[in-house]
Structures are given as structure tokens and as C-alpha cells.
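Start at 1 and go down the list; that is how both ligands and their atoms are numbered.
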Amino acid sequence: MIVMKFGGTSVGSADAFVQVAAVVQAAAERAAAQGTPGVVVVTSAMSGVTNLLIQAAERAARGDERFHREQQATLLLKHQGVAGQLVAEGSERAALTNTFEQRLGEFDRLCSSIAVLGELTLRGVDVVSGLGERLAAPLLAAVLRAAGLRAEAIEATELIVTDAVFGSAAPLDDLTGQKCRARLLPLLRNGVVPVVTGFIGATVDGIPTTLGRGGSDYSAAILGAALDADEIQIWTDVNGVMTADPRIVPNARSLQELSYEEVAELAYYGAKVLHPKTVTPAIAKNIPVRVLNTFEATHPGTLIVEKARAESHGTVKAVTAIRSMHLITVAGRGMMGVPGIAARTFGAVARVGANVLMISQSSSEQSICFVVPDSSAAAVVNALQTEFRRELEHQQIDAIQPRGSINILAVVGSGMRGTPGLAARVFAAVAQAGINVIAIAQGSSEVNISLVVVDEDVVPALRAIHDIFELHLPTSQRTHRALPQ
Ligand code: ASP
Ligand code: MG
């Protein structure tokens, strides 16, 4: 049994839907021929829809009642446009139109009540933002039926039971497993392809939640784990995971194989291929994940497994950048040997809910620096100034300095573990390109070396690192270039 998830661009237009139908049909036929029928489809919202829904809710909260009314029409047209081309006129199309109108009626009522309240809660955002998938799934199911498959749209609120952390809910595994098996297995046994909404779930009490932006990948992995799938396929619009962002590094290539650990690291550091949590359920059940291209379905894409096939020692797999960051430095001679500064620093940071992406402390203990997203920098500085008011007054801490225009570059590969000289090559590459490295960190897992650079150095640094490790070549063809003397 396989779970196939289609992203927003894969369901972005009528042409894309046609590709998806062909891909699902081929998979269903292959599975039937092997005597292991069973294909579960998970879909994202049509591209751009989730953003639009969130924007409408936000504008409603500011009292704008016009925007969501206009968008209601746009959304109807967008979905009807696909239906008009791919679903024959008749009862099937009429039922679909009815579903769209119902969902969009819900959208209207929700935005109107948000406008009355003048306030948008995370819970409210979840209900509105999940509507995109609830429009896309019935549409895709109808398109698959029009292509001759038996398919049924299912809302994940019936399947994925989550906690009540709105905006990034986590599944409750046991309940989710039970519901998925009870609802989906009978369909699969009858040769029906369930078309499940990605991104959404519901609490035990049935209150709608979302798994976080880009969360449909995660939905697919949750269903895959619940059903003990043979493979989880993430169908997107690129040929798998690449050695770097091809818009920045033109000779980037797709990777044949990655480990769960590597892909999690890449996702965490800004590579936009997979939702960072996707591998967690896959790891738990040791299910391979494959990233494939809807628009070039014969490309093998990238296979993600527990241990990537033995590659030569010291293999760097990819380099990625995470942008729009602030570097915060807490510095002072008086910090030396004073216990608890680090704990208090990160305690203060945690209180404002900021996500720390990288930490580095010099051994002289005269400064701690760490990286947070731009959006939380001001709150973090405030919290630290309050926390260390006394130390600042007594000049044990000299300053709490925020610095913007910061980026983290992450060089990733589990083959780096135990291989000497890799950090030297990374730094030789950036030095040769005349780039100033502001801070450095390597986790003891040795699966990533991170460096901090300013905005204008991101592109040259990514290219220099990609070049020095010859990432444009398959591993077997790389020469081991000597370090410059
Ligand atoms: N539609 C949701 C989003 O845009 C989930 C997804 O596409 O994975 O974030
Ligand atoms: Mg996505």
C-alpha cells in the first residue's frame, strides 16, 4: 500500500490535475497487478489558496468585509474552472458545485463572524485555512472518478486526532491509528482510492486544527505510519531533493538517496522540499519516503530511507540557506565563570516563544550568540533586557546586541561524521570567495556544519561550498580536491 501526497502546484490547474490522475491511475494499476491493491491519496489545497484564505481572515479581523466576499467568487471560479474541464456535466458536476458552494458559504460565515469579533484567534485561523484542502479533495476525487478510478473524498478531521495546539497541532498516534484503519482499510479492500485532505485534523472533541504550513506532507506520513504503508510518496514540482536551490546554484542536481536524518536537517534549515516533521512518523515505522515530480513522473526523484546506501566517507550531500534571521549577542567580561547565564538567556528566549536555530558560545565565556527569526528579534531583546537588568546596570553584561540581515548556511551530510578536514574545506571555500563568516556551529551529531553570513554573501557562499565539494557530480565522479595551501 502506498500513500501519495500531491502538493499545491500538483493540483494548481486543470493540466496539473490531469497529470495527477495519470500518476494515480498508473500506481493503482501497478498495485493491482502486484496483487497488493491500495493507494491512498493526500492532497494540498490548490496553489495560492491557503495564503488567500489566511489573508481574508486577517483582513476580516481588521473590519474589511469586502475582501473575503470577492475572494469567495475567485475561489469558486478557480475550482469550478477545473471541474468544468475535467468533470462531465451531470449529477457528478452538480454535486461538486454544491460542495464548493457549501464550503464557500462556511468561509463567508466564518469571515463575517471574525469581522464582528474584530479578533482572529489561532483556532479561527485553523478553521478558515483548512478550507482549501476541503475544496481540493472532493475536486480531485471527482477528477479521478472521471478518469475511471473509484475514488472517495475524505476529510482528515475524521482520521487525524490531534492535540489542541492550533496552528501546529501534533497527532495523537493511537487514536489516529485506530480511526485511519477503521475508515480507510474497508475502502482499500473494495478497490476505492481514498482522497484525503492534507494539512488538517481535529481534536478529540472534534475542533478543527492544522498541522502547520506545508503540513500536508506530514499528513501523508501520519497516514502512512497508521496504515503501515510500503512507501510514502511526496509528489511535487521538482525532481526530488536537490544538492542546493537550483535558482541560486544553477548546476545543482537531484539526490538519489538521503537518510531521514539528512532530510530532516535540510528541511529544518530552509530547504523547501518537505515539511520538517514529515520524517518522524516514517522513522517510527521505517517506511521509505520518496520525493517525486508530478510533471516529470518518470524521474526517479529522491528516496529517503533510514541509512542512505553506503557512500564514500565524508560525503557532503547538500547545502541550504535559511534567510531573514537576526543574530543576538549577549556579551560582557563579567559573564566569565558566572553560572546560569546561558540558562537564563534561553529561559528568557523561551518565554517569548522564539525559535532558536543556532547557538554558539566562545570558550572564554565572554559572549553567547544565537540566531532567531527576524519576527521574534525585538521580543527576544526585550526579554533579555528585563532578565539581565541588574547585570547590565553592574556592567557584568555590556550589551545585548541584535544584528539583522543574517542567514544560516547549513552544509549537510551524515557521511561527514568522523571525517576530518571537512570543516576546513567549507571554510577554505568561503574564504577564497572573500566571504566573512560571522559565527559557526557544528552539532555533535556531525551531520551539519552551520555558518552565519550576511545577506549579500549568501549566493556566493552557497556556490563556493557547492563547488568545493563538487556537488554537481555524482559521488562516484568526485575527485578529492586537495586543500589550498
Ligand atoms: N495548504 C497548506 C499550506 O499551504 C498545506 C500544504 O500545502 O502542505 O500550507
Ligand atoms: Mg508543500
Side-chain angles (χ1 to χ4, degrees), residues 3-13 16-17 20 40-58 71 74-75 78-79 82 100 103-104 106-107 110 120 122-141 153-157 159-160 162 165-171 195-202 208-224 232-238 241 263-264 266-268 270-282 289-295 375:
V3 177
M4 314 175 84
K5 176 260 171 177
F6 294 92
T9 48
S10 296
V11 291
S13 65
F17 271 87
V20 171
V40 175
V41 169
V42 174
T43 185
S44 287
M46 290 182 76
S47 61
V49 169
T50 313
N51 285 341
L52 203 145
L53 293 167
I54 294 173
Q55 205 190 342
E58 285 170 354
Q71 295 317 313
T74 313
L75 288 168
K78 192 173 172 106
H79 292 83
V82 176
F100 294 154
R103 304 280 185 274
L104 290 167
E106 231 178 287
F107 172 60
L110 284 163
L120 185 56
L122 284 174
R123 179 171 161 175
V125 176
D126 275 5
V127 189
V128 176
S129 64
L131 280 163
E133 276 70 10
R134 298 177 56 219
L135 289 161
L139 176 55
L140 180 54
I154 295 176
E155 305 217 338
T157 39
L159 305 173
I160 299 180
T162 71
V165 181
F166 299 102
S168 77
V195 180
V196 181
T197 54
F199 186 46
I200 61 175
T209 54
T210 68
L211 307 173
R213 292 307 307 272
S216 297
D217 299 338
Y218 190 26
S219 308
I222 293 167
L223 296 186
I232 297 159
Q233 298 183 343
I234 306 295
W235 288 84
T236 170
D237 56 1
V238 289
V241 184
V263 86
L266 282 172
Y268 183 74
K272 293 242 163 7
V273 276
L274 271 190
H275 186 279
K277 289 181 192 158
T278 308
V279 292
T280 317
V289 177
R290 208 184 276 276
V291 181
L292 293 152
N293 188 351
T294 302
F295 306 96
S375 54

Item checked: Atoms of ligand 1 close to Ser44 [distance to a heavy atom under 4.0 angstrom, numbered from 1] -> 6 (C), 7 (O), 8 (O)
Check: Against heavy atoms of Thr50, which atoms of ligand 1 measure under 4.0 Å?
Finding: 1 (N), 2 (C), 3 (C), 4 (O)
Checklist line | Whether Gly214 lies under 4.0 Å from ligand 1, heavy atom | finding: yes
Item checked: Arg213: numbered ligand 1 atoms lying under 4.0 Å from its heavy atoms -> 3 (C), 4 (O), 9 (O)
Notebook entry, point to check: Just how far is it from atom NZ of Lys78 to atom CG of Leu135, taken to the nearest 0.5 Å?
Noted result: 11.0 Å
Check: In terms of the angle between their ring planes, are His79 and Phe100 parallel, tilted or perpendicular, with boundaries placed at 30° and 60°?
Finding: tilted
Next item on the list: Check if His275 has a non-hydrogen atom at a distance under 4.0 Å from any atom of ligand 1.
Entry: no
Notebook entry, point to check: Hey, which atoms in ligand 1 end up nearer than 4.0 Å to a heavy atom of Glu133?
Noted result: 1 (N), 2 (C), 5 (C)
Check: Looking at ligand 1, does Gly215 have a heavy atom less than 4.0 Å from it?
Finding: yes
Checklist line | Among Asp237, Thr236, Val238, side-chain contact (heavy atoms from CB on, under 4.5 Å) partner for Phe295 | finding: Asp237
Next item on the list: Run the numbers on Asp126 and Thr210 for side chain to side chain donor-acceptor pair (under 3.5 Å), then give the verdict.
Entry: CA-CA 6 Å; Asp126 275 5; Thr210 68; 2.8 Å; yes
Notebook entry, point to check: Roughly how far apart are Leu131 CG and Leu110 CG, rounded to 0.5 Å?
Noted result: 6.5 Å
Margin query: Treating Arg103 as the side-chain partner and Arg134 as the backbone partner, does any N or O pair qualify as donor plus acceptor under 3.5 Å?
Written below: yes
